[in-house]
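These notes are about the structure you will find just below.
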Amino acid sequence: MKIFKRIVLILIVLLTVYVIYIAVDIWRYGNIDETATADAVIVLGAGVLDNKPSPVFEERINHGILLYKNGYVDKIIFTGGKGKNSEYSDSFIARNYAIENGVPFEDIFIEEQSTITQENISYAKQIIEDNNFSMVIIVSDPLHMKRAMIMSKDYGLTAYSSPTPTTKYETLTTKLPFLAREVFFYIGYKIFGRFYQ
């Protein structure tokens, strides 16, 4: 019985250390900005409110527009389908926002089917292949970048990380729940891979 308890205690300690390691890795990765010239930027969806981008999504869109206007990319790919009670998809609203901010319609692609990050990447990949793009930049919030980039690699994309510097997750009270969520989903994805939802 004592041996069993000792084994359980060791396993708990190892699991705790692993979770802390992943959390630190995700936090540190969010500070890495690999912004470089690419064919397109993929802006990951983050919901809408009253037919407008949510504050979090708006900052991601703004960063994508900034990369476009500064000449890093020629095209923008907005991702995200319809959320609950939404009249329009995330990507549709993002495209309208970008057009209002000076991005030509013809330089914007949207996919309106995804509801999770993995689908964001999967459907964006189809746009990339259809247009013979070779390199892309991924834009999301810093704490989301590690998981997004792992998925991009798994889907065979040549991608650079460019976390938005104006994330709405600014304080520890907003960052820590987001970090905990990312740790959970990151570990789940590492275990179950593409089968993980």
Side-chain angles (χ1 to χ4, degrees), residues 38-68 73-131 133 136-157 159 161-164 166-169 174 177-182 184-186 188-189 192-197:
D39 297 303
V41 56
I42 300 174
V43 179
L44 301 181
V48 297
L49 297 169
D50 299 323
N51 291 328
K52 294 180 180 179
S54 68
V56 171
F57 194 24
E58 185 174 353
E59 295 310 315
R60 295 183 188 182
I61 297 167
N62 286 336
H63 190 47
I65 292 172
L66 183 68
L67 294 175
Y68 172 85
V73 296
D74 295 321
K75 306 292 181 182
I76 301 177
I77 302 171
F78 290 118
T79 65
K82 286 185 182 180
K84 250 185 178 179
N85 305 317
S86 294
E87 185 178 0
Y88 302 105
S89 69
D90 288 14
S91 54
F92 178 87
I93 289 173
R95 179 173 62 186
N96 288 348
Y97 180 96
I99 290 171
E100 289 170 3
N101 284 275
V103 181
F105 177 89
E106 60 269 21
D107 286 342
I108 303 172
F109 295 93
I110 65 171
E111 67 78 18
E112 300 183 275
Q113 298 170 275
S114 63
T115 56
I116 58 175
T117 302
Q118 191 170 339
E119 292 175 348
N120 288 165
I121 301 297
S122 175
Y123 290 122
K125 181 185 178 182
Q126 190 60 56
I127 295 173
I128 290 164
E129 291 178 343
D130 290 346
N131 290 275
F133 296 151
V136 295
I137 298 173
I138 306 293
V139 164
S140 190
D141 287 84
L143 294 177
H144 190 213
M145 291 307 305
K146 179 73 175 180
R147 184 161 60 101
M149 293 302 292
I150 288 289
M151 289 179 176
S152 298
K153 182 179 179 182
D154 288 347
Y155 276 87
L157 301 184
S161 170
S162 187
T164 174
T166 53
T167 177
K168 288 298 179 181
Y169 296 99
T174 56
F178 190 8
L179 178 61
R181 177 182 178 277
E182 280 303 309
F184 175 79
F185 283 115
Y186 180 85
Y189 181 77
F192 298 106
R194 293 194 188 189
F195 300 102
Y196 183 65
Q197 297 295 316

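- Expressed to the nearest 0.5 Å, how far CD of Glu111 lies from CD1 of Ile42 amounts to 9.5 Å.
- No side-chain heavy atom of Glu59 sits under 4.5 Å from any side-chain heavy atom of His63.
- Ion pairing between a basic and an acidic side chain is recognised when a charged N comes within 4.0 Å of a carboxylate O; Lys75 and Asp39 show no such pairing.
- Inter-residue side-chain proximity for Val139 and Leu44 is flagged as unmet; no heavy-atom pair is nearer than 4.5 Å.
- The shortest distance between side-chain heavy atoms of Val73 and Asp107 does not fall below 4.5 Å.
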Check against side-chain hydrogen bond (donor to acceptor under 3.5 Å, both in side chains), Asn51 and Tyr88: CA-CA 7 Å; Asn51 291 328; Tyr88 302 105; 5.8 Å; no

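- The CG atom of Leu66 sits 8.5 Å away from the CG atom of Asn62 when rounded to the nearest 0.5 Å.
- With rounding to the nearest 0.5 Å, the separation of CG in Leu143 from CG in Leu179 is 5.5 Å.
- By the neighbour-count criterion of 12 heavy atoms within 6.0 Å, atom CG of Asp50 is sparsely surrounded, having that number or fewer from other residues, nucleotides or ligands.
- Formation of a donor-acceptor pair under 3.5 Å by the Lys82 side chain with backbone atoms of Glu112 is not found in this model.
- Put simply, the side chain of Asp90 gets close to the backbone of Gly47: a donor and an acceptor are under 3.5 Å apart.
- Note that the CD1 atom of Ile137 and the CG atom of Leu67 stand 5.0 Å from one another [nearest 0.5 Å].
- Of all heavy-atom pairs spanning Ala124 and Thr79, the tightest one is CB-CG2, 4.1 Å.
- In this structure, Arg60 contributes its side chain and Gly45 its backbone to a donor-acceptor pair below 3.5 Å.
- The aromatic rings of Phe178 and His144 sit tilted, their planes meeting at an angle between 30° and 60°.
- Remark: Arg147 engages Glu182 in a salt bridge, criterion side-chain N to carboxylate O under 4.0 Å.
- Closest approach of Ile77 to Ile128, counting heavy atoms only: CD1-CG1, 4.0 Å.
- Contact between Ile108 and Ala98 at its shortest, heavy atoms only, is CD1-CB, 3.9 Å.
- Between Asp154 and Tyr189, the closest side-chain pair of non-hydrogen atoms falls below 4.5 Å.
- Side-chain N or O atoms of Ser54 include one that pairs as donor or acceptor with a backbone N or O of Phe57 at under 3.5 Å.
- Looking at every heavy atom in both residues, Val48 comes nearest to Ser86 through CG2-OG, 3.7 Å.
- Nearest approach of Asn131 to Ile127, heavy atoms of both residues: ND2-O, 2.8 Å.
- Note that CD1 of Ile110 and OG of Ser91 are 4.0 Å apart. Values are rounded to the nearest 0.5 Å.
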Phe109/Ile76 under side-chain contact (heavy atoms from CB on, under 4.5 Å): CA gap, chis, key distance, verdict: CA-CA 6 Å; Phe109 295 93; Ile76 301 177; over 6 Å; no

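- Taking the side chain as every heavy atom from C-beta outward, Asp130 and Gln126 approach each other to under 4.5 Å.
- Residues Pro142 and Pro163 come closest through the heavy atom pair CA-CB, 3.8 Å.
- Looking only at distances, no side-chain donor or acceptor of Ser152 sits under 3.5 Å from a matching main-chain atom of Ala159.
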side-chain contact (heavy atoms from CB on, under 4.5 Å) between Arg95 and Phe105, worked out: CA-CA 8 Å; Arg95 179 173 62 186; Phe105 177 89; 3.7 Å; yes

Audit row: Ser122, Gln118, side-chain hydrogen bond (donor to acceptor under 3.5 Å, both in side chains) steps and yes/no: CA-CA 6 Å; Ser122 175; Gln118 191 170 339; over 6 Å; no

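- A donor-acceptor pair is defined here as one N or O able to donate and one able to accept, closer than 3.5 Å; no such pair exists between the side chain of Ser140 and the backbone of Met145.
- Between the OH atom in Tyr186 and the CE atom in Met151 there is a gap of 10.5 Å [rounded to 0.5 Å].
- Taking 4.5 Å as the limit, some side-chain heavy atom of Leu49 sits within range of a side-chain heavy atom of Pro55.
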